[in-house]
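A short worksheet on the structure shown next.
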Protein chains: 2
Amino acid sequence: MLEQVISSEVDACRVLLDQLADKWTFTVFLALRDQPHRFNELRRRVPGITQKALTQSLRRLERNGMVSRRIVETAPPGVEYSVSAIGKSMSEPLDVLAQWAVRQLPSILAAQAQFDSRPESHAHSDAADLADYDTVTVRSRF
Amino acid sequence: MLEQVISSEVDACRVLLDQLADKWTFTVFLALRDQPHRFNELRRRVPGITQKALTQSLRRLERNGMVSRRIVETAPPGVEYSVSAIGKSMSEPLDVLAQWAVRQLPSILAAQAQFDSRPESHAHSDAADLADYDTVTVRSRF
DNA sequence: CCGAATCCGTCGCGATACTG
DNA sequence: CAGTATCGCGACGGATTCGG
């Protein structure tokens with residue numbers, strides 16, 4: 001029945017989201033999408049990231065087959081990361097999502113502002129939880 | 001330059017991901033997408049969710065303008081949630097992603113299996129962290 | 001240069017109990 | 001029926017330190 005079809009999509013999507021949705025993995029993927037990079041190159045391309053976080057993100061992406069890790073024989077030896085074929089194929093649906101997000105962002109921000117500007121109605125939270133949402137949202141490195 | 005364009009997409013996408021990527025919100029959204037539902041209806045449609053988690057997810061979706069909350073005057077009174085216009089528009093790019101995920105899921109699982117089946121190479125983790133990934137991935141309510 | 005290993009603070013989440 | 005309030009744990013992210 002219908003439920004079955006939906007649930008498979010749900011699961012597949014959740015798997016995907018779980019992979020990308022931690023704090024850095026998605027950003028790292030985008031930083032790596034244009035061209036291969038070495039470890040510390042990536043670290044510079046993603047300001048604010050820790051070695052630990054970068055390693056975790058790369059391992060995660062590598063495990064899912066999204067990026068490939070290659071040892072380059074130079075002096076001193078280095079490691080080069082690049083997005084794989086399947087990783088590139090993921091870019092397309094991601095771009096669709098990104099375009100939607102860019103277009104709808106104003107509407108979303110407006111909805112957020114409207115929602116936040118009525119502490120009476122059924123607002124339970126003491127506005128402490130909402131604070132970070134906004135700051136994170138507005139953040140744009142220009 | 002190019003970097004600027006990319007960064008805006010990154011930010012917009014990250015905002016979107018941050019909204020959907022917590023444990024339940026995305027699932028709740030899908031459960032609500034087909035038709036409006038009341039609170040406890042939703043709770044039954046999303047097995048395993050807590051009242052608290054459901055409330056949080058709904059508040060979050062409501063804040064972003066994705067769902068609407070409506071008080072229905074019956075006896076006893078109830079609350080009806082439904083996805084808004086902007087929420088429905090989000091379904092389209094999400095479907096693109098879902099279709100990709102469904103198609104690529106076998107490849108992803110294969111890559112994971114291959115990655116996990118070489119504890120020697122540069123596997124650092126004691127296979128403890130990997131366990132949950134797999135179980136979560138395989139999970140499908142049939 | 002490329003990580004691994006450890007400690008530690010924070011927060012999401014679940015379980016439970018209570019309200020109108 | 002539709003939530004709110006509180007508690008406790010476990011996972012996650014950040015900072016730091018050590019190794020190949």
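Since the model is a prediction, treat every value here as computed from it, not as a measurement. Here is how names work: the chains are called A, B, and so on, in the same order as the sequence lines, proteins then strands, and each is numbered from 1.
- For A:E80, the side-chain hydrogen bond (donor to acceptor under 3.5 Å, both in side chains) partners are A:R70, not counting sequence neighbours.
- The nucleotide whose nearest atom lies closest to any side-chain atom of B:T55 is, among D:dT4, D:dG14, C:dG14, D:dT4.
- If you take NZ of A:K23 and P of C:dT10, they are 14 Å apart, rounded to a whole angstrom.
- Within the structure, every side-chain polar atom (N or O) of B:W24 is placed at least 4.0 Å from both OP1 and OP2 of C:dG12.
- As a whole-Å value, the separation of A:I49 CD1 from D:dG13 P is 10 Å.
- Distance from the side chain of A:V79 is smallest to C:dG3 among C:dC1, C:dG3, D:dG14.
- Here C:dC1 is the nucleotide among C:dC1, D:dC1, C:dG3 with the atom lying nearest to any side-chain atom of A:R38.
- Look at CD on B:Q19: it is 12 Å from P on C:dG12, rounded to the nearest Å.
- For the pair B:R43 and D:dG3, the criterion of a side-chain N or O lying under 4.0 Å from OP1 or OP2 is not met.
- Atom OG of residue B:S57 and atom CG of residue B:L42 lie 10.0 Å apart, to the nearest 0.5 angstrom.
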**Asked** How does each nucleotide of nucleotides 15-20 of chain D score, in 5' to 3' order, for protein heavy atoms under 4.0 Å: base (B), sugar-phosphate only (S), or none (-)?
**Response** BB----
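- Per the geometry, CD belonging to B:E41 stands 16 Å off C1' belonging to D:dG3, to the nearest Å.
- Annotation: the terminal axes of the helix from C:dC1-D:dG20 to C:dG20-D:dC1 meet at 40°, where each axis is the rotation carrying the C1' atoms of four end pairs onto the next four (5 pairs per end, rounded to 10°).
- Here D:dA11 presents its C1' atom at 12 Å from CG of A:D22, a figure rounded to the nearest Å.
- Going from atom CZ of B:R59 over to atom C1' of C:dG12 covers 18 Å, rounded to whole Å.
- From A:T27, atom OG1 reaches atom CG of B:L17 across 9.0 Å, with rounding to the nearest 0.5 Å.
- One distance of note links CD of B:E92 with CH2 of A:W100; it measures 9.5 Å at 0.5 Å rounding.
- The CD1 atom of A:I108 sits 11.0 Å away from atom CZ of A:R103, with the distance rounded to the nearest 0.5 Å.
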**Message:** Could you go through B:F39 and B:L58, starting from their C-alpha distance and side-chain angles, then the distance that decides it, and tell me whether this counts as side-chain contact (heavy atoms from CB on, under 4.5 Å)?
**Reply:** CA-CA 9 Å; B:F39 188 84; B:L58 287 171; 4.0 Å; yes
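- For B:Y81 and D:dC1, the shortest distance from a side-chain N or O to OP1 or OP2 is not below 4.0 Å.
- Residue B:R69 has a polar side-chain atom (N or O) positioned under 4.0 Å from OP1 or OP2 of D:dG3.
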**Request:** Let me see the working for A:D34 and A:R45 under side-chain contact (heavy atoms from CB on, under 4.5 Å), right down to the final yes or no.
**Result:** CA-CA 12 Å; A:D34 305 329; A:R45 275 178 74 91; 3.5 Å; yes
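- Once rounded to the nearest 0.5 Å, the distance linking CZ of B:R59 with OG1 of B:T25 reads 12.5 Å.
- In this structure, CG of B:L42 is placed 10 Å from P of D:dG3, rounded to the nearest angstrom.
- D:dG13 atom P lies 12 Å from atom CG of B:D18, rounded to whole Å.
- Listed nucleotides: D:dG13, C:dC2, C:dG14. Nearest to the side chain of A:Q56: D:dG13.
- Residues A:V28 and A:Y81 fail the side-chain proximity criterion, which asks for heavy atoms closer than 4.5 Å.
- Atom CE of A:M90 and atom CD of A:Q19 lie 9.5 Å apart (nearest 0.5 Å).
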